[in-house]
Amino acid sequence: MKNIFDQAVTDELTARIEALNPDSQPLWGKMSVDQMLAHCSVAYEMAYTDKHPKPNALMRFLLKTFVKSGVVNEKPYPKNARTAPVFIISDRRDFEKEKSKLISYLKKTQELGSEHFEGKESPSFGAMTAQEWNNLFYKHLDHHLNQFGV
């Protein structure tokens, strides 16, 4: 798994995002490119903001027990896998705004570095290692950039 905290990896991901345009079409799935960019930002919003409600105790237990390992391991996501409701973007978004926001989150993550994420609490999965955060961020973004052929 590539290291999202590495400047070269951030630059590579940024270049892939920059290769998208408002007319980019998915190779699979139903999201438009603007929805995909907004969807990818949700993981960062959950790490950096209180924009999304924290799951209740039962849901957190279920997420930690049954979902976390699939999200933070190094195995790629399958095409057309289901996503959590908070990640569903049903309305259209401003492509340039969403692209800029996602790139800003990438840069912020790289600048904060792995030390910031070691032991950082996830609203869904509890305390996670920097490696788990790395896998969550990189694997998700890589999956969707591949979905759009970049």
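Atom set for the values below is all heavy atoms of this structure, side chains included, hydrogens, waters and symmetry mates excluded.
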Do Ser122 and Trp133 pass the side chain to side chain contact (heavy atoms under 4.5 Å, CB included) test, and can you show the C-alpha distance, the side-chain angles, and the key distance before you say yes or no? CA-CA 9 Å; Ser122 160; Trp133 280 104; 3.8 Å; yes
Working for side chain to side chain contact (heavy atoms under 4.5 Å, CB included), residues Val67 and Phe125: CA-CA 9 Å; Val67 178; Phe125 303 132; 4.2 Å; yes
Quick check: closest heavy atoms across Met31 and Pro26, and the distance to 0.1 Å? O-CG, 3.6 Å
Rounded to the nearest 0.5 Å, what separates atom OH in Tyr105 from atom SG in Cys40? 12.5 Å
Does Phe87 share a hydrophobic cluster with Tyr44, counting links as ILVMFWY side-chain heavy atoms below 4.5 Å and allowing steps through other members? no
Where Glu98 and Leu37 come nearest, the two heavy atoms and their spacing: CB-CB, 3.7 Å
Carboxylate-amine/guanidinium contact Glu132 Lys64, below 4.0 Å: no
Gln35 (side chain) donor-acceptor with Ser90 (main chain) under 3.5 angstrom: yes
Taking all non-hydrogen atoms of both residues into account, name the closest pair between Leu141 and Ile17 and its distance. CD2-CD1, 4.3 Å
Can you find a pair of side-chain heavy atoms, one from Pro123 and one from His52, that are under 4.5 Å apart? no
Taking atom CZ of Arg92 as the centre, report whether more than 12 heavy atoms of other residues, nucleotides or ligands fall under 6.0 Å from it. yes
Heavy atoms only: give me the nearest Asn134-Met1 pair and the separation to one decimal. ND2-CG, 3.6 Å
Verify the neighbour count for atom CG of Asp50: are there more than 12 heavy atoms of other residues, nucleotides or ligands below 6.0 Å? no
So do His39 and Arg93 actually touch side chain to side chain, heavy atoms under 4.5 Å? no
To the nearest 0.5 Å, what is the distance between CD1 on Ile4 and OG1 on Thr109? 6.5 Å
I need the minimum non-hydrogen distance between Gly113 and Phe117, along with the two atoms involved. O-CD1, 3.4 Å
Joint hydrophobic cluster, Leu145 plus Val33, side-chain heavy atoms closer than 4.5 Å: yes
Ignoring hydrogens, what is the shortest heavy-atom contact between Asn80 and Trp28? Give both atom names and the distance. OD1-CD1, 3.5 Å
Out of curiosity, does Ile89 fall in the hydrophobic cluster containing Phe137 (side-chain heavy atoms, cut-off under 4.5 Å, transitive links)? no
Thr14 (side chain) donor-acceptor with Thr10 (main chain) under 3.5 angstrom: yes
Between Lys108 and Tyr48, is NZ or CZ placed under 6.0 angstrom from the six-membered ring centre and within 45° of the ring axis? yes
Nearest-0.5 Å distance that lies between atom CG in Asn135 and atom OG1 in Thr129: 7.5 Å
If you measure from CG on Leu20 to NE2 on His144, what distance do you get to the nearest 0.5 Å? 12.5 Å
Hey, is NZ on Lys2 packed in by over 12 heavy atoms from elsewhere, all under 6.0 Å? no
Enclosure of Lys107 NZ (heavy-atom neighbours >12, cutoff 6.0 Å): no
Working to the nearest 0.5 Å, report the span between CD of Gln131 and CZ of Phe5. 8.5 Å
Applying side chain to side chain contact (heavy atoms under 4.5 Å, CB included), run through Gln147 and Tyr77 and close with a yes or a no. CA-CA 11 Å; Gln147 177 186 17; Tyr77 293 131; over 6 Å; no
Would you give the length of the straight line joining atom CZ of Arg16 to atom CG of Asp142, rounded to the nearest 0.5 angstrom? 4.5 Å
Check whether Val42 and Met59 end up in the same hydrophobic cluster, where Ile, Leu, Val, Met, Phe, Trp and Tyr are linked by side-chain heavy atoms less than 4.5 Å apart. no
Check: Ser100 side chain, Lys97 main-chain N or O, donor-acceptor pair, under 3.5 Å: no
Could you see if Leu112 belongs to whatever hydrophobic cluster contains Leu13? Use Ile, Leu, Val, Met, Phe, Trp, Tyr and a side-chain cutoff under 4.5 Å. yes
Report yes or no: does Lys139 contribute a side-chain atom to a donor-acceptor pair with the main-chain N or O of Asn73 at less than 3.5 Å? yes
